[in-house]
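Worksheet for the structure shown next.
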Amino acid sequence: MKSDFDLDEKIQDFRQRFYPEVGDPLWTDWRWQLRHRIRDLEGAERIFKLTDSEREAIRRRIGMLPLGITPYYASLIDPEDETSPLRRTKIPTLAEFERSGDECEDPLGEDAHSPVPGLVHTYPDKALFLVTDFCATYCRYCTRARMVGGGEFLPEKRMWEKALDYLRDHTEIRDVLLSGGDPLILSDERLDWVLSRLHEIPHIEFLRIGTKVPAVLPYRITPELLRILKKYPPLFFSIHFTHPDELTAEVRQACNRLADAGIPTGGQTVLLKGVNDDPETMKALNLGLLRVRCKPYYLHQCDPIQGSAHFRTSVDKGREIIRALHGHTTGYAVPTYMVDTAGGGGKVPVGPDYVQNREGDYLILENYQGKSTRYWDPQDHAL
Ligand SMILES: *Cc1c(COP(=O)(O)O)cnc(C)c1O
């Protein structure tokens, strides 16, 4: 069987060097990729020239966020340069063992807003359904580092039944966001099962899947998967992208296949120091996403999980990036910049403010070039 993905030229050298015996059909088999993830020091040393800090961080890890990198994603990471952007997001360093400020295990207070295991109900009409704790590739800044990758369990359907019962009982919930872990590492059969159960609940009118799989394991986007996803409209995808280096030929095909199947996709990006915290990188990423019909949706401030200080920028940095995009390029390429607040306070948009002042019946607005303009906006609206 020949693969139906066009393979990116850039990763062929890597394959020659590290996986010479693996042909295209295996390489593009998402299950093969999962089974052959780099998960320990030995696996990492085989490919990457590790620094002392990386080696020690991998060695010390017991019970916390594991190492996990698909061979596909490893091919995008520079084996020699420890400062390469994607490498920093996947290979731990000793900086992860440092604690600072308000950092905690569950910064968003999700556990306190969890009426039944696996369900987070923070907002009035939408709920977050954590269907697995397993990811294809673990991000070092993961908001759910406290729960992902632990046992790497694939939940039983009966564990989902409690969450489904809650969703059936709560008729105010009209939007369910499947996340985890990554819902797309579930088998086709399980995903079909859970989507069909959600789809048949009359008050649930909107489904979305939060995933990084199209970026780290694009081969998962198979014709069989698309056939399943198509059955449950409106189903949106929120795809976690980090950097333009992720936009390979395979990833572009995966996104285009989703769009062709009628599945609207949005991009979600976490702002990360030294990885994507400059306007040029963010612009290249967002314009790249638009080319594959994925609308940059949110830019997230990095949540204060334990050991993430080396990833966090100031909020001003994020506002500066949005300011550098808005008006300077296509509006569709400008995401909303969000800070998720402690204790279940919810997401707060914190983008730049263009209202400078009020002068009587005029608002003083700043345009994208920094010029002030007056806008007639009578306060009494007595017309
Ligand atoms: C982010 C989030 C959602 C979805 O929020 P949107 O702004 O609608 O994308 C839902 N529930 C929880 C708990 C969340 O953190």
Side-chain angles (χ1 to χ4, degrees), residues 102-133 135 139 141-148 160 162-164 166-184 194-195 198 201 203-212 214 232-242 258 263-272 286 289 294-305 308 312 315 318 322 332 334-351:
D102 263 5
E103 288 179 358
C104 64
E105 276 202 330
D106 180 16
L108 310 183
E110 291 186 333
D111 293 344
H113 287 86
S114 181
V116 294
L119 210 65
V120 184
H121 189 189
T122 311
Y123 299 95
D125 77 343
K126 55 193 174 189
L128 178 64
F129 188 2
L130 307 174
V131 291
T132 175
D133 73 346
C135 279
C139 306
Y141 48 88
C142 178
T143 295
R144 300 205 184 91
R146 70 184 186 285
M147 58 162 282
V148 299
W160 288 335
K162 280 205 171 64
L164 288 167
Y166 180 91
L167 294 169
R168 285 185 197 106
D169 290 346
H170 286 258
T171 52
E172 74 278 17
I173 298 175
R174 36 161 298 287
D175 168 5
V176 176
L177 165 53
L178 299 182
S179 183
D182 200 312
L184 288 195
V194 72
L195 287 172
L198 290 166
I201 301 174
H203 54 270
I204 294 180
E205 57 185 62
F206 188 75
L207 293 172
R208 16 177 183 171
I209 292 180
T211 176
K212 195 168 172 64
Y232 307 110
L235 171 65
F236 281 51
F237 264 42
S238 293
I239 310 177
H240 176 183
F241 282 106
T242 302
L258 288 163
I263 295 159
T265 62
Q268 303 205 80
T269 298
V270 180
L271 181 60
L272 299 167
N286 292 348
L289 291 179
C294 178
K295 157 80 183 92
Y297 176 50
Y298 283 160
L299 175 63
H300 296 281
Q301 173 68 3
C302 181
D303 290 327
I305 62 137
S308 61
R312 266 194 313 284
V315 170
I322 300 295
Y332 274 101
V334 187
T336 306
Y337 179 38
M338 290 290 192
V339 172
D340 216 337
T341 55
K347 296 181 184 70
V348 178
V350 290

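Remember, it's 1-based here, ligands and their atoms both numbered in the order they're listed.
- Residue contact annotation: Arg208 has a non-hydrogen atom under 4.0 Å from ligand 1.
- Separation of atoms CD1 (Ile305) and CG (Leu108) is listed at 10.5 Å; rounding is to 0.5 Å.
- Using modelled atom types, one side-chain atom of Asp106 and one backbone atom of Asp111 make a donor-acceptor pair closer than 3.5 Å.
- Of the protein's non-hydrogen atoms, Lys347 NZ, 1.2 Å is the one closest to atom 1 (C) of ligand 1.
- Of the protein's non-hydrogen atoms, Thr122 OG1, 3.4 Å is the one closest to atom 13 (C) of ligand 1.
- For ligand 1, the atoms sitting less than 4.0 Å from at least one non-hydrogen atom of Tyr298 are 6 (P), 7 (O), 9 (O), numbered in the order shown with element in parentheses.
- Interface of Lys126 with ligand 1, defined as ligand atoms under 4.0 Å from a residue heavy atom, comprises 5 (O), 6 (P), 7 (O), 8 (O).
- Aromatic ring pairs are classed by plane angle as parallel below 30°, tilted from 30° to 60° and perpendicular above 60°; the pair Tyr298 and His300 is perpendicular.
- Aromatic ring pairs are classed by plane angle as parallel below 30°, tilted from 30° to 60° and perpendicular above 60°; the pair Tyr141 and His240 is perpendicular.
- When atom types are taken as modelled, the side chain of Arg168 and the backbone of Ile201 share no donor-acceptor pair closer than 3.5 angstrom.
- Summarising the local packing, CG of Asp169 is surrounded by more than 12 heavy atoms from other residues, nucleotides or ligands at distances under 6.0 Å.
- Of all atoms in ligand 1, numbered sequentially from 1 with element shown, those under 4.0 Å from a heavy atom of Tyr297 are 6 (P), 7 (O), 8 (O), 9 (O).
- With a 4.0 Å cut-off on non-hydrogen atoms, His121 does not touch ligand 1 at all.
- Close approach to Tyr123 involves these atoms of ligand 1, each under 4.0 Å from a residue heavy atom: 2 (C), 3 (C), 10 (C), 11 (N), 12 (C), 14 (C).
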